[in-house]
Amino acid sequence: MIRIHFTAADFAQVRFAPRPAPLQELNVALSMMFRRDAAPLFGRWRQRTLRALPPATQPFGDLVPGLQAPSFLDQFGDDLDEALESVRATRPELVRAEIERVHAGQPVPAPAWLHDLHRGGTDAWRLLRRAQRAAFDAVLRPVWPLVQDLHHAEFARHALTVAEHGLATALDGLTAGAQLRGNCWELTGNRGESTDSSTGSSIDSSTSSPAPHREIALRGRGVVLVPTFHWTGPPLLADPPGRPLYVTYPAGPGLPLPPPPAGGTDEALAAVLGRTRLEVLLLLAEEHTTGALARRLCVSNATASTHAAALRGAGLITTERAGRAVLHRRTALGTLLVHRGRPAGPRPARW
């Protein structure tokens, strides 16, 4: 049982993450590898995901040797590059303490690169960053547009609940076992699982040990609600000192997200344009700013601008300035290229 104590100021600072957090979604997706109770639904997904992981992700496995992960992996920014920079900016003493905590008692010695990370070596940090990006590209990149659409739908559902019934009802119905009793919000684990990840990454919360009792006093810090679509367990808490309490909770269908169909026109176009530029072309069924494209693709604004410039040079999109914003639209040629031999589907959700 986790009991979270609110003040009046905390109720005024309950926020919903406006966009999905790439690294946190990656953490919980990888944590599902360790859940055995969901095998009938996620067994094939696990096998497919394991096969998709390239060798470049191995350092990630070295850093997380079991069910516990260093807390500095918990990052909630909605831009992948910025989240990776936040990991890199972790205080050296916290990095050392968390590596020592996670690897205490491990039967296999830590690899040399991890000792280098413990010392703050630049090459080791570069290796970890490459592993995290490779894992995101293999596990989440194929389904990221779906994650974004699901997040948008969950955001709208939460906003409607708050508007019609109030914040108390929204917190009560956030997840199974959640109850707001006066100024205390109670969260319970299920099937004996822990909901507390404040001493480690969310991967730690897939353990089957009994759920601990914990009291958390917010004292004006507030709460950020973060839905995830790759986790079916109890809420996961990250409680960084001096910052809001982050509550990551399961949302969406509770099933593995389907990968895009293999083969067909999309694969042929991706081979010519590149996967990311094809995604840009698909998103521009509706106009987007450069910043909106960057958020949907989980890349920097500069990278999104580079892809847009290449497509514009090929006559597939147009770009025009509207005040301080730059708006991109798909041309008739771009639409013809996308739709040729491809069944019409729902238009991408606009952010």
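Note: hydrogens, waters and symmetry copies are ignored here, and every other heavy atom, side chains too, is used. Model, not experiment: these values are computed from the prediction.
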Decide yes or no on side chain to side chain contact (heavy atoms under 4.5 Å, CB included) for Thr228 and Leu236, but give the supporting numbers first.
-> CA-CA 10 Å; Thr228 176; Leu236 308 171; 5.9 Å; no
Count I, L, V, M, F, W, Y as connected when their side-chain heavy atoms are under 4.5 Å apart, and connections chain through other members. Are [X] and [Y] then in the same cluster?
X      : Y      : answer
Leu30  : Leu50  : yes
Val326 : Leu316 : no
Leu23  : Trp125 : yes

Under the salt bridge (charged side-chain N to carboxylate O under 4.0 Å, His left out) test, residues paired with [X] that sit two or more places apart:
X      : value
Glu186 : Arg3, Arg181
Asp137 : Arg141
Arg329 : Glu287, Glu320
Glu154 : Arg157

Extract all donor-acceptor atom pairs below 3.5 Å that involve side chains of residues 107-120 and protein atoms in other chains or at least two apart in sequence.
| unit_1 | atom_1 | unit_2 | atom_2 | d |
| --- | --- | --- | --- | --- |
| Trp113 | NE1 | Asp62 | OD2 | 2.9 |
| His115 | NE2 | Ala110 | O | 3.4 |
| His118 | NE2 | Glu100 | OE2 | 2.7 |

If you define the side chain from C-beta out and look only at heavy atoms, does anything of [X] sit under 4.5 Å from [Y]?
X      : Y      : answer
Leu283 : Leu297 : yes
Val28  : Met32  : no
Leu237 : Leu187 : yes
Val143 : Gln148 : no
Gln24  : Thr248 : yes
Pro244 : Val223 : no
Glu25  : Leu140 : yes
Trp144 : Leu80  : no

Which pairs pass ring pair (Phe, Tyr, Trp, His ring centres under 6.0 Å) with one or both residues in residues 154-187, sequence neighbours excluded?
->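 For residues 154-187, and leaving out neighbouring residues, the ring pair (Phe, Tyr, Trp, His ring centres under 6.0 Å) pairs sorted by first residue read Phe16-Phe155, Phe16-His158.
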Please go through Val102's hydrophobic cluster and name the other residues, only I, L, V, M, F, W, Y counting, with side-chain heavy atoms under 4.5 Å joining them.
->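 Members alongside Val102: none; it stands by itself.
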List, by chain and then residue number, the residues other than Tyr246 in its hydrophobic cluster (Ile/Leu/Val/Met/Phe/Trp/Tyr, side-chain heavy atoms under 4.5 Å); write none if there are no others.
-> Phe76, Val224, Val226
[atom1]/[X] to [atom2]/[Y] distance, rounded to the nearest 0.5 angstrom?
X      : Y      : atom1 : atom2 : answer
Leu128 : Arg126 : CG    : CZ    : 12.0 Å
Leu245 : Ile216 : CG    : CD1   : 5.0 Å
Asp149 : His152 : CG    : NE2   : 8.5 Å
Phe72  : Ser86  : CZ    : OG    : 13.0 Å
Ile4   : Asp239 : CD1   : CG    : 8.5 Å
Thr161 : Leu167 : OG1   : CG    : 10.5 Å

If we ignore hydrogens and angles and just use 3.5 Å, is the side chain of [X] paired with the main-chain N or O of [Y] as donor and acceptor?
X      : Y      : result
Thr57  : Phe60  : no
Glu215 : His5   : no
Arg296 : Val280 : no
Thr331 : Gly334 : yes
Asn27  : Leu73  : yes
Arg330 : Leu281 : yes

Give me the atom names and distance for the closest heavy-atom approach of [X] to [Y].
X      : Y      : value
Gln75  : Ala83  : CG-O, 3.9 Å
Glu82  : Asp79  : N-OD1, 2.8 Å
Ala29  : Val139 : CB-CG1, 4.0 Å
Ala134 : Pro54  : CB-CG, 4.1 Å
Pro59  : Pro55  : CD-O, 4.4 Å
Ala138 : Ala52  : CB-O, 3.5 Å

Between the side chains of Thr7 and Asp10, is a donor N or O closer than 3.5 angstrom to an acceptor N or O?
->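 Yes - a donor-acceptor pair under 3.5 Å links their side chains.
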Given the rule in the side chain to side chain donor-acceptor pair (under 3.5 Å) test, do Arg221 and Gln13 qualify, once you have shown the distances and angles that lead to the verdict?
-> CA-CA 7 Å; Arg221 292 180 296 142; Gln13 295 188 66; over 6 Å; no
Sequence neighbours excluded, the answer for side-chain hydrogen bond (donor to acceptor under 3.5 Å, both in side chains) partners of Asp81 is Arg133
Residue set satisfying side-chain hydrogen bond (donor to acceptor under 3.5 Å, both in side chains) with His328, at least two apart, ordered chain then number -> Thr290, Thr319
Anything under 3.5 Å between a donor and an acceptor, one on a side chain of residues 301-309, the other on a protein residue two or more places apart or in another chain? List them.
| unit_1 | atom_1 | unit_2 | atom_2 | d |
| --- | --- | --- | --- | --- |
| Thr303 | OG1 | Ser300 | OG | 3.0 |
| Thr306 | OG1 | Ala302 | O | 3.0 |
| His307 | ND1 | Arg277 | NE | 2.9 |

Those residues that, when tested against Trp45, pass ring pair (Phe, Tyr, Trp, His ring centres under 6.0 Å) (two or more places apart) = Phe42
Go through the steps for Arg91 and Val95 under the test side chain to side chain contact (heavy atoms under 4.5 Å, CB included), then give the verdict.
-> CA-CA 6 Å; Arg91 292 179 292 109; Val95 173; over 6 Å; no
Residues Phe11, Leu180; criterion side chain to side chain contact (heavy atoms under 4.5 Å, CB included); working and verdict = CA-CA 11 Å; Phe11 281 116; Leu180 183 65; 4.1 Å; yes
Answer yes when Arg88 and Glu85 have at least one side-chain N-carboxylate O distance shorter than 4.0 Å, and no when they do not.
->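 So Arg88 does not pair with Glu85 through a salt bridge.
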Carefully, step by step, assess Leu150 and Leu257 under the rule side chain to side chain contact (heavy atoms under 4.5 Å, CB included).
-> CA-CA 10 Å; Leu150 289 170; Leu257 300 185; 3.8 Å; yes
Would you check if the distance from the ring center of Trp231 to the ring center of Tyr249 is below 6.0 Å?
-> no
